[in-house]
Structure formats: structure tokens, C-alpha cells
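The structure under discussion appears below in the form of C-alpha cells.
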Amino acid sequence: MAQIFTPLPDKPDHDSLELEILAIWEREGTFEKLRDLNRSGPTFSFVDGPVTANKGLAVHTAWGRTLKDVFQRYKALQGFAQRYQNGFDCQGLWIEVGVERELGLNSKREIEEYGLAEFARKCREKVIWSATELTRGSKRLGQWMDWGNDYFTFSDTNIEYIWRFLKLMFERGQLYKGHRSTEWCPRCGTSISQHELSQSGVYQDKTDPSLFVRLPLRDRPGEALVVWTTTPWTLPANVAAAVKPDAEYILQENGEWVARARALEATAVKTARGEELVGLEYDGPFDHLSAVEGTEHRVIPWDDVTLDEGTGIVHIAPGCGGEDFELSKVNNLRILQPVDDSGRFYDDYGWLHGLTTVEAADQITADLGERGRLVSAEQIVHRYPHCWRCDTPLIFRITDDWFLSVEKLRQPLLDANATVEWTPAYMGKRMDDWLRNMGDWNISRRRYYGLPLPIYECSCGHVTVVGSKLELSERAVSGLEQLEELRRPWIDAVPIRCETCSEMVSRIPEVGDVWLDAGIVPFATLGWESPAWIKGGYATGASRGVSTADLPDHAYWERWFPADWVSEMREQIRLWFYSQLFMSVALTGRAPFRRVLGYEKMLDESGREMHGSWGNMIDAEDAFTRMGADVMRWQYCAQPPNQNLLFGFGPAHEIKRKLLTLWNSCKFLVDYANIEGWEPAWEDLAGGPSGELDPLDHWLISRTNALVAEAATAYESWLTVDVVKAYEAFVDDVSNWYIRRSRRRFWDGDETALRTLWYSLVQGLRVVAPLMPFFTDHLWRGLTAPCVGAPESIHLAGWPEVREPDSALLAEIDELRRVVELGRQARATAGIKLRQPLRALVVDGAPLASSHVDEIAEELRVEEVSFGQVDASELRVKPNLPVLGPKLGRELGAVRAALEAGKFEELPAGGFRAAGYELSSEEVLVERRGKEGWAVAASDGVTVALDLHLDEGLLLRGRVYDLIHAVNTMRKEAGLELTDRIRLTLSEADTDLLEHADWIARETLAVSVDASGDDPRIERV
RNA sequence: GGGCGAUUAGCUCAGUCGGUUAGAGCGCCGCUCUGAUAAGGCGGAGGCCCCUGGUUCGAGUCCAGGAUCGCCCA
């Protein structure tokens, strides 16, 4: 016989099921159909934050991609038109580092020797490889994007938009050259950010010289300050000595000044407070070097001078230390920068020139010794930062850098952020904190594969910022013919003419911060102020040939800006969310997004950071195979965004079990519908199941409607975790209440039950289709296959119509289920299994359940259920605290004690008298328990009492249930089909059970029952 | 150093407006149901609700101080 539904296997195989669905989507063009369906709908503008294209898909990235996909899918079900443009971040250090490693290059010098043009090509290849991998992984994850139409930030168009922004900032006086003190790796020739410093392994023990150096005071012959340093190479850059103003200093007999706290044993010739020393001038340690000539050295005050180590007088070299640099601003000190990019002394440092900081240390120590400036020279082991890439000890340098000033924008940024709705809300506060406290934005980087800063600084002092490629070509002196991309090295071969002095000017060598690349995205990809729509107009420069993206016109920008919603991990607050906000407020005065969903960090399932070398990293491909994309997505979506996600195979297993309940419910429907030859009707989905409905059917329909409403609320609050919770509760209700309660109807082929269950399962699947696109589409296709007129994919079926649930009915069943739960509890406490029928149950305090007497009787296998007071041997009365507390105040204690001790008397109206107070029935809570021969269970004001007295009839029927159970177990073990009929032979000892032969036959599908054997036997007929 | 947050069962976390016996899931032990279920149900063991003080009839919850941890900034 042809089956209506394709039977479902016992268990879903997520991996193969998903691959199958992917192939179907591909074949049927499901995504294209969805876009066509919504093309004229209202717009939902999502702007994708670009993912750094330097690796394949990681499970971390898959989290964010899932959230993006879920909400795009939800909005699509609701009929919104969307852009679906994916983005890749294609420039910057992360990409360079990967390529450097692959090429075996070890320094900036080696990159330059390798050749910047070839290096740029390798970087581009890396980006394209990564983009391909990320696309493949994302598709496997089920993410629906307009793949192939991606934006790549290394596009010339993207770069030009940034140029334009920078030119504008320059014209407003908000782009300037300044200084910055930074940790520096002399091998890599680059600064090290705070973020990089905070990585583990950066701080390592290191042995360094420990020098005490004399600095003779100018106007006090024979007196000298003594300073301490562990970095001899910084001494030539010394310009000041800092003292703690309120500390006591002493002049020792040997003529050396140190803090009293550092020389407790010494005899003081003179004492002075730090502030009294401020302003004194001294001879620098290397005044004879030409670079140092004419430098003033003086004592300055500094509250943070430590008296825990050194001498309490601190050597200050603003060119070589962060705090030193800050002090130079306050005290107007000269900044001496002794070493170059590679940590070697500049030529004007005399005999030191060309030496590295390490090589110089010994020579400096020796020189100081020869000149009698050294008090002592020893070795010290201390924690010192090293480069995370190459382990080289870091030094401090002051560098010339370009900055965007924030002062004028700070308030507008705060105002713009106030218009943004953040989920979770604290992330918005975090952004406010950042906006209030951040300094100017340093946008220059001394690297190669990045946005070329369009800044041309002439030796005459005039600065030009070029705003477009066109402008560059107009101003160019030469080199245009070889400019294949707006990128080093080609761009550097295009000098321009200075407007002021007509000299030829080259571009500054620096490239831009990658966050400029990402921040401009809502302008560059949406066609801000673009006069015309240019086909393929975004896919320029390096992105030519890898994308088809257009440059839209300004009308398009008006339509899609600002984004309705963006979502990224929390650290993007001061990165992408910030750079976008900054550029947007600068250009338009508005925030570039209306709502943000942020989320915390991913850790492994035991709460540790995932780390390649710790062996706890989960490979995305492995997760697809072993968990399945839907299970991964469920795990991501079940996570409250304000907490770290503990991701792993353990939690995945738990999720699979939950999904199995859903699967089994569908399988149950399919199996019985096939037995019955029942066909679903598509109209039922819109209109609700037709036919004569049982109360339980009404309940399930209401329950389903409630789910749709709850889920919509959750989606609209951007909280997938609430969708997950609502759906899990729903599945539990369908499986453990509706199906459980209705089994008999399914055996009897009750069409209404089939119809109602079908309706409810199908509607339920639609609710979670955005979360689990494969699983739901697979089941949808199975369950709607027989329907004429059903959309071929769940993703084309739209969001289910929201109908008002019958909340009274829902409350009624809730109460009913509480009664049944208590009844089970009472049975368990008394040790009487459910197979043993009992005579009576009394229910107290659950009025809503009173119309479900039959269901209670059946669930708890009792003959008679009544509602009323439980006559108990023990009466417990407790004060109703919220009522009595405010009324009695201090006296409450006495009343409470009296009630607890049983010292009360019952009043006629249901009230009580205790400790001299009359308490009305509203002021007390009454519980009755402990009835002789009965099992009583109570909670939340509901009490049930189960009559435990057994008579012969009850015992006999208990044995029948036992027998039925045993026979059905035998059926199962014998591998019989649900519909197979049997001949049943009982043991002679069970002859008395034949009184119930018809019943037994019905329950075991027996065509005959006799009692002629030694043991029960079954035989298939 | 400043800011934000956290601290509740072996683990991961809920805990509403301050209210009666502090909960869930997982794990462990026992029982049980099954004509969909490798599932489900019930019960048990397991708690210094970080500490100290305060407010209150009553504090896991509010206030103050402290400790520890995490994150952000400097």
C-alpha cells in the first residue's frame, strides 16, 4: 500500500539530512524564490560587519553568523525585503602576519626585500582563499546571503570613500600629526597595541642590567642625584629626574641624593622634601653627544614616584617610556628619540650609532664607569614584555602618527548613541563609557597591506590630503600608468606637486587602521552621495573579479541607511561599532544603526578559552559532521547574550536529545497517519483543524497559538534564547501531554486527533525555522508533502498567523497537570505503582481542574475523583505573611510561633484564633496532611489525597495491567509490528484473569485468549 | 588606579515587588511508565545563597564596608 507520508527513521542523522536539504535549496532556488517573494515588502536593513578574511570558518564566527542568519530569516518570514550582502575585511596586520609566516619572512626588512608588489599579491591571494573558505563554511551552516555579491574592503571604492572622509576631517582641522608613545618590537619594526600586550606569554622573565647612575647637580658642586634604571640604552635620552614632592630626600656623606626611604641606614648631611629639589638642573649622562647638545636637564615633581625600588629619584626619558612621555607634556620637556624603527641608534648619537639597544647596554655601562658616573652595576631578573610574534624584548618609542581629533565629535557621538537600542543594555553603557573617555583616534600604521593614507606632507610644511582617485590623477606628477590598485607599492610611485612650493611630494608611507576600512562600510556599500548607480562599481581595485557588487546611487543609501539592526561580539563596541559610529556622525550627524545585538565570548564546555595548542579547539567542519549545523545553531541560540557561551559536544548531545523528542512526535504522527491512511489538508493550517474537537484538541491549538505569540515577542526583543525556551516547553507539552493523553485516539484512528497534532507540529516548526533551517524544512517537507497547495519549503511559508490563545483553557490544563503531578508524587511516596488501580482521589484547592475529572482518573488510574476538602488527621496553619506582616508588625512572631506549635482554634467562618488574634481565612494558609490509609501530597495550595485501600477487584485489575504490560513487552521483544495480531496463551494460574479476556485481547491485539499454558505465550497470526 | 558586572547544589545557571519549604538542567543513586520515544515521569542525596554590619515583623533579594573573580579603561 502506498504510504501517505514517508516514514521517518528512529533517529535523525543531522549531517546527511542537512546536506540533502542544501542540495534541494540549490536545486529549487529556494533563497532566490524567497527574495522574489519579499522584493516589494517593507525594508529590513541589516549591515554585515566584515569578517577578517585570513582563515576558514571557526565555531566562534559561526555563532555570530547564526544570529545574523536567524534574524534575517525571521524578518524574511514576515515579508521584509532585505539586502543580504556579506562582507570581508581584507587588509591589515592579521592578514600580513599570516602571509609573512607562510612565506617564512621574519621582519619588515625581509618583506621589503621580498618585494611589496609580490607581497601585496600574496595577501590578496590569502584573502581570496579565506573568503572562499568562509563562504563554503557559512553555506554549510545554513546562512543565506547573497554570496558572490560580497563587499571586500580592499576595493578601491571603499578606499576612495575613506579618502573622502579623511579629506573632510582634514579640512575641518580634525586630522593632525601628533606623537604617540608605544611599546615597539624592533624586529617586527612595529608598535604593539595594548591588546597584543595582554595576550598570555607576552610578559616573561628577563635578565637586565641594574644601574645606579650619578647625575651631578649644576649649582651644587659635589652633590649629585642618583637614579636607577634597567634600560641603559634610554640614558642618552634622559632629560629629567623625577622626585616625589612629599617624600623626604637626604644628601649622604658621599655627596649622593636619594630618598630617605631608600637609605634608612645612611647618615644624612642634608635633608630636603622632594618639592624643594624641583627645578634644580643637573648634567645629563651623555651631554656630549650631538643629539643631546643644548638639552636642559632638571628635576621635576611626580606623585607616582615609587619608594619601593631604585633611589626614589626616577630617570625620565620621554622618548623611551609611556609615563615619561606623559610627563614631558605636563613639564614641557624635550623628547629625545634615540633609536629607529629597528631599535638601532641614530647617527647623531656619536659612537652609539648603529648599535641595537641590547648591544649598546654594555658600552654605555662601561662608558659611565670610565667617567665616574656609575654608582653600581648589577643584574636583575624581572618581568618584561616580549613580542607575541617573535619573542623579541619590546622597547618604548615615540612615533609620529596621524590622529583624528574626537573633541568636537564627543558630544554628538554620545547623542547619536543615545538613539541606539542596545541588547543587552549594558553594552550601550559600555559604549557611552568608551565615548566619554577615549582619546584621539590614531589612524596610522607602519605596515604594507592596508589602506594607503592619502596624506602628502611637503618639506615646506604644507600638507595635502587627497580625497579621490580623480583628484590624485589630476595632481599626480608621474606614475599613474603603473597604478593597478590604490595600494602600496604602486600608490607610492605617484608623487604630487605641492600647491605652496611646487616641490614634488610623496605620500607618507603609513597605511590606515583597519577599522577605517570597516567603519566606512555603511557609506561605501550603500552608495552615499553617489550620483549614479554603477554596475560592479564597488568591485574595483583588488576586489575586481572576486565580487559583483555594485556601487548603488544615493537614493539607495537613503532607503537602507541607517541599518535597522547590526550584531557582533562585544569587543566590537570600541572597534567596528565605534568606527562606524564615528565616521557616520562625522559625515551625517546620525548613528549608522538603530539597534544592536551584542554577545559575549565563546569558551569550551568546561569554561576555558579555546586554544589551538590546548587541543580544545573545535573545528567547524568537525562540528558540522558530528553535531550538525542545526544543533550548533540551537546551541548558539539557546545562549543568553550577556553570558559567555560554553560550547561543546556535551551540550550538543543534550540538545540532540531534546530534538529527538520533537522528532519522535513527528514520527508518531507519521506512523499512525500511515496506518490510518489519513491525509492532511493545507487549509487546516490557515483556518485551524476542522472537525469535532475534543477539549484536549482545543487546548493544543491554544497552546500552539500561545507559542507563536511568545516566539514573536522573543524575536522582536532579539532574544533567541527566549524562542528556544518557549519552543522546548511547547515540545514537552505536545509530547508529554497531548500525545500521551491522546494515544488511544490515535490507535483508534481518530482523524481529529491526527489533524490537530499535525496542525500543531507544523505550526511549531514554522516558529523555529529561522533557528534550525534544515531540520524544520526536512520535517516540513515530510509533513506537508501530501498537501495540495503547500509551499515547497518552510522558508517560503511565511510567519504563522497569530491567533489569540484561550488563556483560560491554558490555565485550566496547567492546573490539571499540577494535580496529576501531585497524584503521581503521592503514588510514588506510598510505593504503589501506576499499574495498580486505586479507588479514590480527593483534590483540594484546584478548582480549575474540576472539569477534567475523567482525565485525572485515567492518568492516575483511580476509579473516582472528587473535589472538596481533604479530611486529614493533621491540620497545619501558617500565617499569610504578605498580609499579616504589615498588619501585625512585631506581634507576627508570637502568632507565627503559636500556629507552628498547633496552639490555635478553628473559627466557624474558616478563620483561626491564635496568640490572642483572630485571623481571617485570607490571613492564613491551611494545609491538611497525613490521612490514615491515604497518601497525601501538597504544593502551592493544592492538596491531593489518594485512597490506598485495595479490594479484590482492584487487585485483580492490577494483575491484568501487569499482564498486558508483560505481553506488550513480549510483542516488542518478538519484533512484532504495531498492527500484528496474536494468539495469547496465559498460564493456568491466571485463569481468573479470563474474566477480563476482552479487555486483555483489545490491549494486546489478541484474536484469542486462553489459559492453558505454563507461562504466558504469544503467537503471531 | 578608575568604571562596570559577578559570587546561590559537584558543574552550568534561574530566583519577579523583600514574604512561607531557595529552584532548573546536567551528573550521581533508587523507583517507575511505555501500543512514538536510546526518550519520558517520580523520588533521593547534595546549600555558610562569599564575608561582616545595617534597615525591616521578615533579607539570597535593599543599604554600607570588605574579600575574590571577570571584563573595560588608564
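Keep in mind that the numbers below use all heavy atoms, side chains included, and drop hydrogens, waters and symmetry copies. To find a chain, count down the sequence lines: A is the first, B the second, and so on, and within it residues start at 1.
Side chain of Gln643(A), nearest nucleotide from A38(B), U20(B), C13(B): C13(B). In this structure, of A36(B), G3(B), U20(B), it is A36(B) that holds the atom nearest to the side chain of Trp747(A). Closest to the side chain of Pro882(A), from the set C71(B), U20(B), A36(B), is U20(B). Of the candidates C72(B), U37(B), G5(B), G5(B) carries the atom nearest the Lys429(A) side chain, counting heavy atoms from C-beta on. Distances were taken from every side-chain heavy atom of Arg835(A) (C-beta onward) to each of A36(B), C33(B), C4(B); the shortest belongs to C33(B). Minimum atom distance to the side chain of Phe668(A) is reached by A36(B), of the listed G40(B), A36(B), C42(B). The listed nucleotides are C57(B), U12(B), C26(B); the one nearest the side chain of Leu646(A) is U12(B). Here the side chain of Leu1005(A) is nearest to one of U21(B), G35(B), G40(B), namely G35(B). In the set G5(B), U20(B), C71(B), the nucleotide with an atom closest to the side chain of Arg570(A) is C71(B). Between C26(B), A38(B), A36(B), one nucleotide has an atom nearer to the side chain of Leu660(A) than all others, and that is A38(B).
Heavy-atom distances to RNA chain B give each of Gly889(A) and Glu1003(A) a nearest nucleotide, and the one nearer the 5′ end belongs to Glu1003(A). Residue whose closest nucleotide on RNA chain B sits further toward the 5' end, between Leu888(A) and Leu834(A): Leu834(A).
Base-pair partner of A22(B): not found among the strands shown (Watson-Crick or G-U wobble, both distances under 3.5 Å). When Watson-Crick and G-U wobble pairs are counted only if both distances are under 3.5 Å, G46(B) pairs with no nucleotide at all. With a cut-off of 3.5 Å on both pairing distances, the Watson-Crick or G-U wobble partner of U68(B) is A6(B). Base pairing of C62(B): its partner is G54(B), meeting the Watson-Crick or G-U wobble criterion (both donor-acceptor distances under 3.5 Å).
Among the heavy atoms of the strands, none lies under 4.0 Å from Arg861(A). Here Asn880(A) lies in heavy-atom contact (under 4.0 Å) with a base. Among the atoms of the strands shown, base atoms are found under 4.0 Å from some heavy atom of Arg430(A). No contact: Pro640(A) has no heavy atom under 4.0 Å from any strand. At the heavy-atom level, Leu884(A) lies nowhere under 4.0 Å from the strands shown. Within 4.0 Å of Pro886(A), counting heavy atoms only, lies at least one base atom of the nucleic acid. Backbone-only contact: Trp434(A) has heavy atoms under 4.0 Å from sugar-phosphate atoms and none from a base.
You'll find a donor-acceptor pair under 3.5 Å spanning the side chain of Ser735(A) and the base of A36(B), going by distance alone.
Among residues two or more places apart in sequence or in another chain, the side chain to side chain contact (heavy atoms under 4.5 Å, CB included) test is passed with Ser181(A) by Phe325(A), Phe396(A), Ile398(A).
Using atom P as the reference point in both C42(B) and G25(B), the two lie 8 Å apart (nearest Å). A distance of about 29 Å separates the P atoms of G65(B) and U12(B), rounded to the whole Å. Nucleotides G18(B) and A24(B) are separated by 23 Å at their C1' atoms, to the nearest Å.
Under the stacking definition used here (centres under 5.5 Å, planes under 30°), the residue Tyr426(A) fails to qualify as stacked on the base of G5(B).
Here the closest non-hydrogen pair linking Leu435(A) and Arg410(A) is O-NH1, 2.8 Å. Of all heavy-atom pairs between Tyr917(A) and Glu891(A), the closest is OH-CG, 3.2 Å.
Under a cutoff of 6.0 Å and an axis angle of 45°, Arg626(A) and Phe649(A) form a cation-pi pair. Cation-pi geometry between Arg861(A) and Tyr961(A) is met: under 6.0 angstrom from the ring centre, within 45 degrees of the axis.
Nucleotide U37(B) holds its C1' atom 13 Å from the CG atom of Asp732(A), rounded to whole Å.
Contact annotation: Asn968(A) reaches the phosphate of G35(B) (side-chain N/O to OP1 or OP2, under 4.0 Å). In this model, the phosphate group of C57(B) is approached by a side-chain N or O of Arg890(A) to a distance below 4.0 Å at OP1 or OP2.
Taking the six-membered ring for Trp and thresholds of 30 and 60 degrees, His996(A) and Trp999(A) have ring planes more than 60 degrees apart, a perpendicular arrangement.
Under the 3.5 Å distance criterion, with hydrogens and angles disregarded, no donor-acceptor pair is assigned to the side chains of Asn664(A) and Thr661(A).
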